[in-house]
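Step one of this worksheet: look at the structure below.
The figures here come from the full heavy-atom set of this structure, side chains too, leaving out hydrogens, waters and symmetry mates.
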Amino acid sequence: MGHNNGVPIPFIFSLVALFLLALHVNVSFADRSTYIVHMDKSLMPKSYSSHDHWYSSIVDSFKSENPTSFDGNKILPSILYTYDTAFHGFSAVLSADELVTLKKSPGFVSAYADKSITLDTTHTTQFLNLNPFAGLWPASDYGDDIIIGVIDTGLWPESESFRDEGMTKSLPARWKGKCEVGQEFNASLCNYKLIGARYFNKGVMAANPGVTLSMNSARDSLGHGTHTSSTAAGNYVDGASYFGYAKGTARGVAPRARVAMYKVSWDEGRYASDVLAGMDQAIADGVDVISISSGFDDTPLYEDPVAIASFAAMEKGVVVSASAGNEGPELGKLHNGIPWVLTVAAGTIDRSFGGTLTFGNGLTITGFTLFPANSLVENSPLVYNKTFSACNSTAALETAPDAIIICDDTVPIRNQISYIIQSGLLGAIFITNNPEIRELGYVATPSVVVNTKDGRTVIEYALKSENPTVSINFQQTLLNTKPAPAAAFYTSRGPSKSYPGILKPDIMAPGSLVLAAWVPKVAAGKIGYNVNLPSNYNLISGTSMACPHASGVAALLKGAHPEWSAAAIRSALMTTANPLDNTGNPILDDGDNFNFASPLAMGAGHIDPNRALDPGLIYDATPQEYVNLLCSTNFTRNQILSITRSHAYDCSKPSSDLNYPSFIALSNNDHKTKTRVQTFQRTVTNVGDGAARYMASVIAPKGSQVTVSPEILIFAYKYEKQSFTVTINFNAKKKGNASSGALVWIEQNGKYTVRSPIVVSPLV
C-alpha cells in the first residue's frame with residue numbers, strides 16, 4: 001500500500017470523497033436556516049387539539065414544495081422544538097420563502113434566526129444541561145429582570161461580563177437601589193446589567209481606627225466578588241480563557257438577570273456589622289435572590305448576620321443562597337447551616353486541564369496542568385533518581401541535572417512545586433492520585449501531574465531508556481471527563497453546628513476550577529515566584545464558586561415561578577437533585593478516599609436546573625413554621641426576637657419538625673437506650689399538571705429501619721396538599737461514619753420522582 005507522509009493513499013481519497021459529499025449537502029441546505037418563531041397561542045384555531053398540533057400543521061404545509069438533494073431525498077422543513085412556558089412558539093428549519101409565508105399565518109408574532117452556540121468556558125452551564133431550546137433557560141427567559149444581590153468584595157465594572165448588551169433597557173419598577181459613587185467608581189459605570197453597587201465599610205473602619213481603605217468603593221480589589229457575580233449572572237463574552245485553557249464563550253447561569261453588588265469584605269478585614277448592613281440594604285432595594293459566598297464559623301443563629309438578615313429576606317420571598325465553607329473533609333465544619341437558607345456544597349466538573357507528555361519512545365500520556373503559558377519543552381532530558389525523587393528538599397534537588405524531574409508521591413504536591421521552583425529546575429512530572437491539585441489548580445512551573453498508574457509507566461521508561469526525553473504540550477482542555485461530578489475534597493461537611501437537626505448542606509453545585517471574570521490588577525497566574533500574570537478571567541475553586549451557580553438557578557426558577565416561596569424553590573432544587581454521576585453510579589467523595597458521597601458532603605445531590613423547573617411535589621414552609629422551630633430550641637425570647645424582629649409571631653406550637661425535604665436522625669451517647677425511634681411529619685403540595693398518584697420507595701440507612709405512612713399519596717387537583725410521616729428506628733449510640741438512604745415519591749406514570757435524602761449521623 002502506498003503512503004504519503006505516513007497517510008495511506010486510499011484514506012486520502014476517502015477524505016476527498018467525504019469533503020465533496022459534505023460540500024454538496026451544504027449547498028443543498030444553503031437556503032435553509034433555523035428560526036425561532038413566537039406565536040400568539042390565544043389565536044390558535046379551535047380545530048387544533050393542542051399548540052403542538054397547530055405548529056406542526058403550519059410547518060407540514062410547507063412540505064409540498066422543497067429542494068431535492070443529490071441522492072433524490074427531499075430536504076423537508078421540520079420542527080426542532082415547541083415551547084409553551086417562557087413563550088409560545090417553536091423553532092424550525094425553514095427557507096426564506098417559507099418564513100415569508102409563515103409571517104402571514106394567523107397568530108404569528110415574530111421570528112429570528114437561531115445563533116450558533118460555542119463551547120462554554122465556565123462549561124458549567126453545559127454541565128448543568130442548560131440549553132436555549134428547552135428547559136429552565138427559555139422558561140425563565142434566561143432570568144430576565146430577576147435581580148441577584150451579591151454580598152461580596154465588590155466587582156470590576158469594566159469587565160465584559162457586566163456589559164448590558166441584550167438586556168432590557170428599562171429597570172424593574174420594584175428596584176430601589178443605586179450606583180454609589182466612591183474611589184475609582186462613578187455612577188456611569190452602572191448600566192442595565194449592573195444596576196446597583198453599594199459599599200459598607202463602617203464596621204471595618206471602626207475596628208481599625210485611622211485606617212485608609214485601599215479601595216474605598218464598590219470596586220473589587222481582590223477578585224472574589226467579580227468572579228462570583230459573573231458566575232451567577234454574567235453576560236455573554238466570546239473568546240474568554242485562562243491563559244489558553246477553557247477557551248470559548250463565558251456566561252453566567254442566569255445571563256439576563258440583573259446584578260447588584262453589595263461590597264462588605266475589604267482588604268483590611270471583614271466584619272459582621274458590614275455584612276448585616278449589606279444584606280439589609282439588598283432586601284430594601286428589592287433584590288429577588290441574595291448570593292453570599294462567605295459565612296461565620298461557630299456562630300449561633302441569633303448572632304449570625306447571615307441568619308438574621310436571611311430570615312427577613314425569606315419573609316419577603318427572597319431566596320438566600322450561601323456557601324457551605326471550605327473546611328472539608330472533616331465532619332461538622334459546615335457554616336451557613338441555617339434552616340431558611342439554601343446551603344450549597346461544591347462539586348467537581350466534567351472538565352480537566354492538561355498537558356500532553358510525548359516521550360522519546362513515542363508514548364504519549366495526558367496529565368493535569370494549569371501552567372499559564374505555552375512553554376517550549378521539547379525533547380528535554382527526563383530523569384528519575386531516588387536521590388532527589390521525593391522532591392521535598394532543595395538541598396537534594398540541587399544535585400539534580402537541568403532536566404524534567406520525576407517526583408514521587410511524598411509531601412503535598414504544592415510543596416513539591418515550591419521546591420522545584422526554588423531549585424531552578426526546568427520542570428517536573430509529579431505522580432499522585434491526590435485530588436487536591438486537580439481541584440485547586442496552581443502549577444507555576446512547566447510541569448504535569450499524572451496518576452500513579454501512568455507514573456509507573458513513566459518511571460519504567462526513564463529507567464530503561466538509554467537517553468530518556470520528554471516533550472510537553474500545554475494548554476489542553478479536556479471535556480466529558482468521568483466520573484463527574486464528585487464531592488470536592490475541600491467542601492465543608494455537616495451536620496451543622498448552628499442547628500444540627502436540619503440536614504445540611506442542601507445541594508451540590510459546580511465549584512472546582514470554575515472560570516469567570518477577574519480583576520485585571522490582581523494576579524491570576526504565576527510563573528515561578530516573581531512573575532505575576534494578569535487575566536480578565538480566572539479559574540478558581542471553592543464553595544464560593546458553587547454558591548453563585550445555585551443563586552443563578554434560583555433566579556431562573558424565580559423567573560419561571562414568581563409565585564413560589566423561597567422554601568418552594570429550595571425544595572424544587574433539592575428533590576430533583578441528582579445523586580448519580582455521569583457514569584450512572586453514585587457520586588463519589590474526593591475527600592473520603594473516593595467512597596460514595598454522603599448527603600453530609602453533597603446534600604441531596606448535584607443541582608439539576610431543568611428538572612427543578614417541574615418538580616411534581618414541593619415541601620413548602622411559612623415564616624411561622626421557622627419560628628416554631630426556633631421556639632423548640634433553648635434560645636431565649638430575646639434571642640429569638642433578634643432573628644424574627646417581631647412580636648407578631650408566637651411560640652404556642654414549638655416544633656423542631658420543620659417541613660423540610662430531607663431527614664436527619666442524630667445519635668448521641670447521652671441517649672439512655674440503645675435504639676431510638678424518631679418520627680417526622682411532612683406535607684407536600686402537588687405542583688404537577690393536575691390529579692396525581694404517588695407511591696413511596698424507601699432505601700433505609702444501613703442499620704436502620706424506615707417506615708412511611710401512608711405509602712400512597714393521591715392528589716385530586718393541582719396545589720392540593722397531602723401529609724405523611726416518616727419513622728426511623730436507629731442505633732441511638734451510633735459512632736463513626738454516618739449512614740444514608742432516601743425516600744422517593746414516584747408518580748404512577750413515571751413523570752416525577754421526588755427524592756429526599758435520609759441520614760443517621762453521630763452528633764458532632
Side-chain angles (χ1 to χ4, degrees), residues 243 245 352-478 481 489 513 525-529 531 590 594:
F243 303 107
Y245 297 94
S352 185
F353 305 103
T356 300
L357 302 165
T358 303
F359 299 94
N361 61 357
L363 173 69
T364 62
I365 292 174
T366 298
F368 174 86
T369 188
L370 274 174
F371 183 66
N374 192 15
S375 179
L376 184 63
V377 179
E378 189 168 349
N379 296 320
S380 297
L382 178 68
V383 176
Y384 180 74
N385 188 320
K386 278 292 186 181
T387 303
F388 46 74
S389 64
C391 296
N392 61 354
S393 162
T394 52
L397 286 169
E398 284 173 356
T399 67
D402 189 19
I404 299 295
I405 305 301
I406 300 172
C407 294
D408 292 324
D409 190 2
T410 55
V411 298
I413 194 168
R414 288 196 170 199
N415 294 357
Q416 290 182 315
I417 290 173
S418 294
Y419 288 125
I420 292 292
I421 293 172
Q422 290 173 33
S423 302
L425 294 171
L426 180 59
I429 297 174
F430 300 101
I431 301 172
T432 183
N433 285 337
N434 190 307
E436 179 176 340
I437 191 69
R438 294 175 178 87
E439 291 189 17
L440 300 183
Y442 178 76
V443 181
T445 177
S447 303
V448 173
V449 182
V450 300
N451 60 39
T452 53
K453 179 182 177 182
D454 288 337
R456 288 190 292 269
T457 302
V458 173
I459 291 172
E460 183 179 6
Y461 163 70
L463 292 176
K464 292 184 177 181
S465 176
E466 185 175 345
N467 294 299
T469 62
V470 64
S471 301
I472 306 177
N473 183 19
F474 294 97
Q475 298 176 325
Q476 308 292 305
T477 300
L478 313 172
T481 58
F489 80 91
L513 294 179
K526 294 176 76 75
I527 297 178
Y529 286 139
V531 181
D590 282 357
F594 309 105

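- Partners of K386 according to the side-chain contact (heavy atoms from CB on, under 4.5 Å) rule, which considers only residues two or more places apart in sequence or in another chain, are Y384, S389, D408.
- For D402, the side-chain hydrogen bond (donor to acceptor under 3.5 Å, both in side chains) test picks out no residue, with sequence neighbours left out.
- Summarising the geometry, atom OG1 belonging to T452 is positioned 3.5 Å from atom CG belonging to N433; distances are rounded to the nearest 0.5 Å.
- Every side-chain contact (heavy atoms from CB on, under 4.5 Å) that T432 has, sequence neighbours left out, goes to D409, I413, N434, R438, V449.
- The shortest distance between side-chain heavy atoms of L382 and I429 falls below 4.5 Å.
- Listed here is the closest heavy atom pair of V383 and P401: CG2-CG, 3.8 Å.
- Rounded to the nearest 0.5 Å, atoms CG (L440) and CZ (F489) are 4.0 Å apart.
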Let me check something: any side-chain donor-acceptor pairs from residues 391-399 under 3.5 Å, sequence neighbours excluded? List them with distances.
from: S393; atom 1: OG; to: A395; atom 2: N; distance (Å): 3.2
from: S393; atom 1: OG; to: A396; atom 2: N; distance (Å): 3.2
from: T399; atom 1: OG1; to: A396; atom 2: O; distance (Å): 2.5

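- Taking all atoms of both residues into account, the shortest heavy-atom contact from N467 to Y461 is O-OH, 4.3 Å.
- Listed by first then second residue, pairs satisfying salt bridge (charged side-chain N to carboxylate O under 4.0 Å, His left out) with a partner in residues 448-457 number zero, not counting sequence neighbours.
- Under the 4.5 Å side-chain criterion, counting only non-hydrogen atoms from C-beta, T457 is not in contact with V450.
- Nearest heavy atoms, P435 versus D590: CG-O, 3.5 Å.
- Distance CD1/I404 to OG1/T469: 11.0 Å, rounded to 0.5 Å.
- Considering all non-hydrogen atoms of both residues, I417 and A444 come closest at CG2-N, 4.3 Å.
- Shown here are the side-chain hydrogen bond (donor to acceptor under 3.5 Å, both in side chains) partners of N385, two or more places apart in sequence or in another chain: T387.
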Pairs of donor and acceptor atoms involving the side chains of residues 354-380, under 3.5 Å and at least two apart or interchain, shall be tabulated with distances.
from: N361; atom 1: OD1; to: L363; atom 2: N; distance (Å): 3.0
from: T369; atom 1: OG1; to: F371; atom 2: N; distance (Å): 3.1
from: T369; atom 1: OG1; to: S447; atom 2: O; distance (Å): 2.7

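- The main-chain N or O of S352 is never found under 3.5 Å from a side-chain atom of Y245 such that the two would form a donor-acceptor pair.
- Considering only residues two or more places apart in sequence or on other chains, T410 meets the side-chain hydrogen bond (donor to acceptor under 3.5 Å, both in side chains) condition with Q416.
- Sequence neighbours left out, not one pair with a member in residues 406-456 passes ring-ring contact (aromatic ring centres under 6.0 Å, His included).
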